[in-house]
Amino acid sequence: MQTNPLAIAQQNLKEACDKLGLPPDVYEILHYPKRVLTVSIPVIMDNGQTKTFIGFRAQHTDVLGPTKGGIRFHPQVTLDETMALSIWMTLKCAVVGLPYGGAKGAVICNPKQMSPSEIERLSRGYIRAISQFIGEKKDIPAPDVYTNSQVMAWMMDEYYKIQGEVNSPGVITGKPLAIGGSLGRETATAQGCVYTIIEAAKRKNINLQEATAVIQGFGNVGANTASLLSSLGVKIIAVNDSTGGVYNPSGLNIHSLLKHKELTSSVGNFPGTIPISNGDLLAIKCDILIPAALENQITKENAEFIKAKIVAEAANGPTTPDADSILAKKGIPVIPDILANSGGVIVSYYEWVQNLMNYYWSLEEVNEKLKIQIIDAFKHIWEISEKHQTNLRIGAYMLALERISTALSLRGWI
Ligand code: NAD
């Protein structure tokens with residue numbers, strides 16, 4: 001089974017290029033990032049010893065505009081994964097019509113075992129290492145797994161010190177509100193995912209007020225998606241996180257579960273629920289299954305057992321290509337990651353636009369714009385998939401590639 005994320009991203013890309021009949025040059029240009037940096041970052045730890053961390057920044061293509069993508073702090077992150085994520089970011093930006101190319105950054109580290117001041121020194125060190133290659137019209141980082149708005153604030157501050165600039169907050173997005181962040185950014189990924197679920201449910205004749213959902217992962221995206229769906233009347237019957245899972249066929253009280261997670265740092269042992277393994281959670285009969293944790297969770301081994309009517313990929317790359325084919329044969333539509341979780345980058349784009357204008361929008365304005373932009377992309381993708389008799393993922397890749405290849409051609413690269 002192919003689980004190397006770069007090979008998977010390239011395989012999906014090739015399939016969509018072939019399906020669109022694009023000239024081979026398009027795949028050749030896009031199959032590898034335009035620029036990949038590997039940096040070493042010496043950090044003085046709290047015990048006085050210096051530890052050197054390895055980080056990456058992959059800038060995939062700038063044919064549609066400056067590159068954009070989050071920075072991940074994770075002990076297992078690899079260069080191949082970073083490059084794959086940068087390819088997905090290009091497709092994600094293009095599919096929802098943003099004037100950006102894709103990028104991704106990462107540092108191999110375990111922030112759970114670091115103090116806040118160690119994380120601050122690492123964040124500043126990473127920006128010093130890549131500062132020549134980023135900028136509000138060049139490459140614009142953002143948060144990703146295990147980085148947050150505080151990390152973005154340190155990074156922006158360090159960038160200002162290096163550049164001697166005092167007003168270019170658009171160099172980084174996902175910042176705290178007080179220093180140029182956007183209202184709605186914190187919940188944007190979940191909000192966008194919910195808009196796509198509403199559209200898919202209409203087409204599958206699912207009444208959300210009678211629907212059930214299962215969510216894998218209960219972090220920023222999973223927990224916010226659970227809250228938003230439950231406010232629409234959807235019954236969330238099971239969720240899990242890295243420590244365990246909980247199930248109640250009558251539905252979980254998400255408000256209380258959030259409090260329980262805050263107190264115990266885990267969804268496990270939530271009163272009135274049955275413990276459930278990750279494998280069993282994915283196989284629960286429900287209307288909507290939402291992987292919101294990590295890559296490669298729905299695989300050849302477990303896809304056969306999935307009984308959901310819709311899968312919405314809140315996480316990046318949660319379904320392997322083998323599993324994709326199995327779900328397609330079972331007639332289960334998968335709202336692909338590049339659409340389902342694009343709300344985060346869409347509102348990051350709004351943050352950047354507000355920073356450039358130095359004029360800020362209300363939450364209602366942000367959410368309304370997000371709704372229009374993501375639903376428009378959903379409709380386009382659904383139409384393309386029906387026309388070409390293909391799944392939504394390939395439909396989304398085709399829409400994105402059409403836009404990218406037009407830009408490549410107009411700019412004279414092919
Ligand atoms: P997060 O760190 O806040 O949450 C991740 C959650 O997954 C945690 O609850 C963790 O316990 C859980 N988890 C980890 N391993 C697990 C496992 N093996 N089984 C079940 N649960 C597990 O991260 P997040 O920001 O919510 O991101 C989740 C996914 O969404 C990632 O794939 C990320 O790339 C993607 N994503 C996030 C955003 C965003 O704005 N935060 C935007 C686009 C995509």
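Ligands are counted one by one from 1 in listed order, and the atoms in each one are counted from 1 as well. One is the number of the first residue; the rest follow in order along the sequence.
- Each of the following atoms of ligand 1 lies closer than 4.0 Å to a heavy atom of A293: 7 (O), 13 (N), 21 (N), 22 (C), 28 (C), 29 (C), 31 (C), 32 (O).
- By the criterion of a heavy-atom distance under 4.0 Å, the backbone of A292, and not its side chain, is placed next to ligand 1.
- Those atoms of ligand 1 with a heavy atom of D144 less than 4.0 angstrom away are 34 (O).
- The distance criterion of under 3.5 Å between nitrogen or oxygen atoms is not met by G344 with respect to ligand 1.
- Taking only nitrogen or oxygen atoms, main chain and side chain alike, Q216 does not reach within less than 3.5 Å of ligand 1.
- Here the protein heavy atom with the shortest distance to atom 2 (O) of ligand 1 is Y146 CE2, 3.7 Å.
- Judged by distance alone, the side chain of K138 and the main-chain N or O of Q132 form a donor-acceptor pair under 3.5 Å.
- Within ligand 1, counting atoms from 1 as listed, the ones closer than 4.0 Å to a heavy atom of G217 are 7 (O), 12 (C), 21 (N).
- Heavy atoms of A188 found under 4.0 angstrom from ligand 1: none, in either backbone or side chain.
- Checked against a 3.5 angstrom limit, the closest N/O atoms of F218 and ligand 1 fall inside it.
- K261 has a carboxylate O that lies under 4.0 Å from a charged side-chain N of D241, or vice versa, which qualifies the two as a salt bridge.
- Under 4.0 Å from ligand 1, not a single heavy atom of D337 appears.
- Where the criterion is an N or O separation shorter than 3.5 Å, residue side chain and backbone included, S242 meets it with respect to ligand 1.
- Among all non-hydrogen protein atoms, the one lying nearest atom 42 (C) of ligand 1 is T189 OG1, 3.3 Å.
- No donor-acceptor contact under 3.5 angstrom links the side chains of W154 and E158, judged on distance only.
- For ligand 1, the polar-atom distance check against Q297 finds no nitrogen or oxygen pair separated by under 3.5 Å.
- Contact of the E295 side chain with the L85 side chain is registered, since non-hydrogen atoms from C-beta on lie closer than 4.5 Å.
- Protein heavy atom nearest atom 34 (O) of ligand 1, with residue, atom name and distance: N316 ND2, 2.9 Å.
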| message | For K51 and D46: C-alpha separation, side-chain torsions, deciding distance, then whether salt bridge (charged side-chain N to carboxylate O under 4.0 Å, His left out) applies. | response | CA-CA 10 Å; K51 190 169 170 185; D46 291 346; over 6 Å; no
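- Distance check for atom 25 (O) of ligand 1: a protein heavy atom is found below 4.0 Å.
- Per-residue contacts place K261 under 4.0 angstrom from the following atoms of ligand 1 (heavy atoms of the residue considered): 9 (O).
- For the pair R203 (side chain) and E199 (backbone), a donor-acceptor distance under 3.5 Å is present.
- Listed by first then second residue, pairs satisfying ring pair (Phe, Tyr, Trp, His ring centres under 6.0 Å) with a partner in residues 232-276 read H260-F270, not counting sequence neighbours.
- A donor-acceptor contact closer than 3.5 angstrom is absent between the side chains of E313 and N341.
- Geometrically, ligand 1 and G222 share no nitrogen or oxygen pair separated by less than 3.5 Å.
- Polar contact with ligand 1: present for N220 (N/O pair, distance under 3.5 Å).
- The side chain of R72, and not its backbone, has at least one atom closer than 4.0 Å to an atom of ligand 1 (non-hydrogen atoms only; side chain from C-beta on).
- In terms of protein heavy-atom proximity, atom 8 (C) of ligand 1 is closest to G219 N, 3.8 Å.
- Set against the non-hydrogen atoms of N240, the atoms of ligand 1 under 4.0 Å away are 20 (C), 21 (N).
- A donor-acceptor pair shorter than 3.5 Å can be found between the side chains of T173 and K68.
- Listed by first then second residue, pairs satisfying salt bridge (Lys or Arg N to Asp or Glu O under 4.0 Å) with a partner in residues 92-111 read K104-D144, not counting sequence neighbours.
- Counting heavy atoms closer than 4.0 Å to ligand 1, residue R185 contributes side-chain atoms (C-beta onward) but none from N, CA, C or O.
- At a cut-off of 3.5 Å, with distance as the only test, no side-chain donor of S168 or Q163 sits close to an acceptor on the other residue.
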| message | The test is side chain to side chain donor-acceptor pair (under 3.5 Å); show your working for R72 and T147 and say whether it passes. | response | CA-CA 6 Å; R72 178 173 292 202; T147 56; over 6 Å; no
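- The shortest contact between atom 15 (N) of ligand 1 and any protein heavy atom is with L294 CD1, 3.5 Å.
- Side chains of Y350 and N355: a donor-acceptor N/O pair is absent below 3.5 angstrom, by distance only.
- The aromatic rings of Y146 and H74 lie parallel to each other, their planes meeting at an angle below 30°, with 60° marking the opposite boundary.
- Counting only heavy atoms from C-beta outward, the side chains of N224 and T189 never approach each other to under 4.5 Å.
- In this structure, the protein non-hydrogen atom closest to atom 27 (O) of ligand 1 is V221 CG2, 4.0 Å.
- Ligand 1 places these atoms under 4.0 Å from at least one heavy atom of A315: 29 (C), 30 (O), 32 (O), 35 (C).
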